[in-house]
Amino acid sequence: MGNLMGSLKYKDPSTVEECDSTWVTDSEDDTYEGEEAEGSFSGCPGPSGPRRCGEQSDSFPQNYKEPRQPNEYCNLRFYLNKIPLVPDGIYIEEILSKWKGDYDKLEHNHTYIQWLFPLREQGLNFYAQELTQDEIKEFLNMREAKRRFLLAYTIMLDFFGIKLLDKNGNVARAANWQDRFQHLNESQHNYLRITRILKSLGELGFEAFKLPLVRLLLQEALLEGTLPNMRHSALEYFVYTVRARSQRRGLLRFAQRLYQPPENFIWGPPKRRRLPGVGVKGSRMEAAAAADRSVSQTTPPVQGRPSSPKGEKAMGSRSAEGPREGGPTGVH
């Protein structure tokens, strides 16, 4: 068995279309598909799953760790105010009661974000522990932890110049939006934080909060022009934290309507090659039959991506391993 497993080689995708499942189908009736459940996402971009594209889903992970005991759930215990974050020694209640509006502290401290918004992957603060599935289940059953998590989210939204409107996750500009948007447009390391926050929302029970925030950021970046430096991060990373394929398509279509110049929009569905013998109104069965007939004669080319629009400052591109956290420097 070991020799068989060792002999298998997996090739990483070389283009976005090989890795991204957003445009696998263009139908609109597949909101939150089964294969996009947590931990089994079918494409690279999206939630922070434990596997890379091309890895076997049933292979024994090389970085396997023994299951943690409940007293080792550092993220949960931090949110229950039982332990401080390391290395600063600060408890969650101190952050929630004293840090809102302290923009210098929120900007220049780089160790709290991994504790406030944990993920199932290691960040830059190696004192912070990755989430585990068991810890997530415990967290979701703790009303006190979820309440504090939501308060932490509102503090970060205020730091970005955004306010939370309701329990459904709807957001809008805050009263301080002009100063904070100017800062956010210039301080692009915060795009890493936004990606982390979005992914953590999905891990800890607030998946529905992603869509309103990403839509607002797309509108500010593409239509209002208040966050022009963010548009690549919003399109390359923020959109792909949303797990439901139909919601990602909706965000990209929304962005396409706002994007200038429209001919440079490269995040839409790949152009489809019409199969011989199939008309515009041909059925799926006819298309499949035509594909079978033509497969031995020709293989449709894999569509690559053109370069970024001229004059636009690129924030990096999604790699075959999925989206990095909002920019070229990796996980924040």
Side-chain angles (χ1 to χ4, degrees), residues 22 28-34 36-39 41 45-48 75-76 79 92 95-96 100-101 113 116-119 131 136-177 180-181 184 190-191 193-224 226-227 230 233-235 237-255 257-258 323 325-326:
T22 300
E28 292 296 340
D29 57 353
D30 57 345
T31 303
Y32 211 86
E33 301 81 354
E36 291 183 358
E38 186 172 304
F41 189 64
S48 54
N75 300 292
L76 177 58
Y79 261 104
I92 181 64
I95 295 175
L96 298 180
K100 185 173 183 178
I113 197 72
L116 288 188
F117 301 98
L119 300 175
L131 281 170
I136 290 171
K137 292 177 183 178
E138 291 295 324
F139 195 106
L140 295 178
N141 289 326
M142 296 288 184
R143 181 177 298 179
E144 183 181 4
K146 293 183 69 175
R147 178 186 66 83
R148 289 190 174 119
F149 179 80
L150 197 56
L151 288 174
Y153 179 55
T154 62
I155 288 177
M156 294 308 299
L157 287 180
D158 176 74
F159 173 66
F160 299 138
I162 300 169
K163 62 181 177 181
L164 183 65
L165 297 178
D166 53 41
K167 63 181 180 180
N168 296 318
N170 292 309
V171 290
R173 290 176 173 178
N176 63 348
W177 72 270
R180 299 316 303 163
F181 279 13
L184 188 57
N190 282 301
Y191 305 165
R193 291 174 168 181
I194 291 173
T195 306
R196 185 181 189 94
I197 290 168
L198 286 165
K199 293 165 74 175
S200 190
L201 285 170
E203 297 283 26
L204 296 177
F206 294 92
E207 175 69 25
F209 281 44
K210 295 179 184 179
L211 186 65
L213 179 57
V214 176
R215 185 180 176 90
L216 175 66
L217 295 175
L218 285 170
Q219 179 169 327
E220 296 294 343
L222 300 177
L223 177 64
E224 305 296 342
T226 56
L227 298 169
M230 184 185 282
S233 287
L235 287 164
Y237 303 98
F238 303 167
V239 167
Y240 290 94
T241 66
V242 176
R243 292 177 179 174
R245 199 156 52 209
S246 60
Q247 290 182 353
R248 294 197 303 273
R249 286 197 299 266
L251 286 169
L252 290 173
R253 289 198 173 100
F254 172 71
R257 291 196 297 270
L258 306 179
E325 296 207 7

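Reckoned from all heavy atoms, side chains included, excluding hydrogens, waters and symmetry mates.
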Could you pull out the closest heavy-atom pair between [X] and [Y], with the gap in Å?
{"X": "L204", "Y": "K146", "value": "O-CE, 4.3 Å"}
{"X": "L258", "Y": "L218", "value": "CD1-O, 4.4 Å"}
{"X": "I95", "Y": "I155", "value": "O-CD1, 3.7 Å"}
{"X": "P118", "Y": "S200", "value": "O-OG, 3.0 Å"}
{"X": "G101", "Y": "D158", "value": "N-OD2, 3.9 Å"}
{"X": "R248", "Y": "V242", "value": "NH1-O, 3.0 Å"}

(request) Determine, for E144 against R148, whether the closest basic-nitrogen to carboxylate-oxygen distance falls under 4.0 angstrom. (result) yes
(request) May I have the step-by-step check of ring pair (Phe, Tyr, Trp, His ring centres under 6.0 Å) for F139 and Y79, ending in yes or no? (result) CA-CA 9 Å; F139 195 106; Y79 261 104; 5.5 Å; yes
Counting C-beta onward and ignoring hydrogens, is there a side-chain heavy-atom pair between [X] and [Y] closer than 4.5 Å?
{"X": "I136", "Y": "L76", "value": "no"}
{"X": "L235", "Y": "L251", "value": "no"}
{"X": "T226", "Y": "R173", "value": "yes"}
{"X": "L227", "Y": "F160", "value": "no"}

(message) Applying side chain to side chain contact (heavy atoms under 4.5 Å, CB included) to M156 and R196, what does each step give before you reach the verdict?
(response) CA-CA 12 Å; M156 294 308 299; R196 185 181 189 94; over 6 Å; no
To the nearest 0.5 Å, tell me how far [X] [atom1] sits from [Y] [atom2].
{"X": "T195", "Y": "I197", "atom1": "OG1", "atom2": "CD1", "answer": "9.0 Å"}
{"X": "Y191", "Y": "L217", "atom1": "OH", "atom2": "CG", "answer": "9.5 Å"}
{"X": "E220", "Y": "L184", "atom1": "CD", "atom2": "CG", "answer": "10.0 Å"}
{"X": "N75", "Y": "L119", "atom1": "CG", "atom2": "CG", "answer": "9.5 Å"}
{"X": "N190", "Y": "R193", "atom1": "CG", "atom2": "CZ", "answer": "5.0 Å"}
{"X": "I194", "Y": "F238", "atom1": "CD1", "atom2": "CZ", "answer": "4.0 Å"}

When you measure from the side chain of [X] to the backbone N and O of [Y], does any donor-acceptor pair fall under 3.5 Å?
{"X": "S233", "Y": "M230", "value": "no"}
{"X": "R180", "Y": "F159", "value": "yes"}
{"X": "N168", "Y": "N170", "value": "no"}
{"X": "T22", "Y": "R249", "value": "no"}
{"X": "T241", "Y": "Y237", "value": "no"}

(request) Decide side chain to side chain contact (heavy atoms under 4.5 Å, CB included) for L150 and F209; before the verdict, give the C-alpha distance in whole Å, the side-chain angles of both, and the deciding distance to 0.1 Å. (result) CA-CA 10 Å; L150 197 56; F209 281 44; 3.5 Å; yes
(message) For the aromatic rings, using the six-membered ring if either is Trp, is the centroid distance between F206 and F149 under 6.0 Å?
(response) yes
(message) One pair to check against side chain to side chain contact (heavy atoms under 4.5 Å, CB included): L201 and F117. What are the steps and the verdict?
(response) CA-CA 8 Å; L201 285 170; F117 301 98; 5.6 Å; no
(message) Counting neighbours of NZ on K163 that are heavy atoms of other residues, nucleotides or ligands and sit closer than 6.0 Å, is the number greater than 12?
(response) no
(message) Applying side chain to side chain contact (heavy atoms under 4.5 Å, CB included) to Y153 and L213, what does each step give before you reach the verdict?
(response) CA-CA 11 Å; Y153 179 55; L213 179 57; 3.5 Å; yes
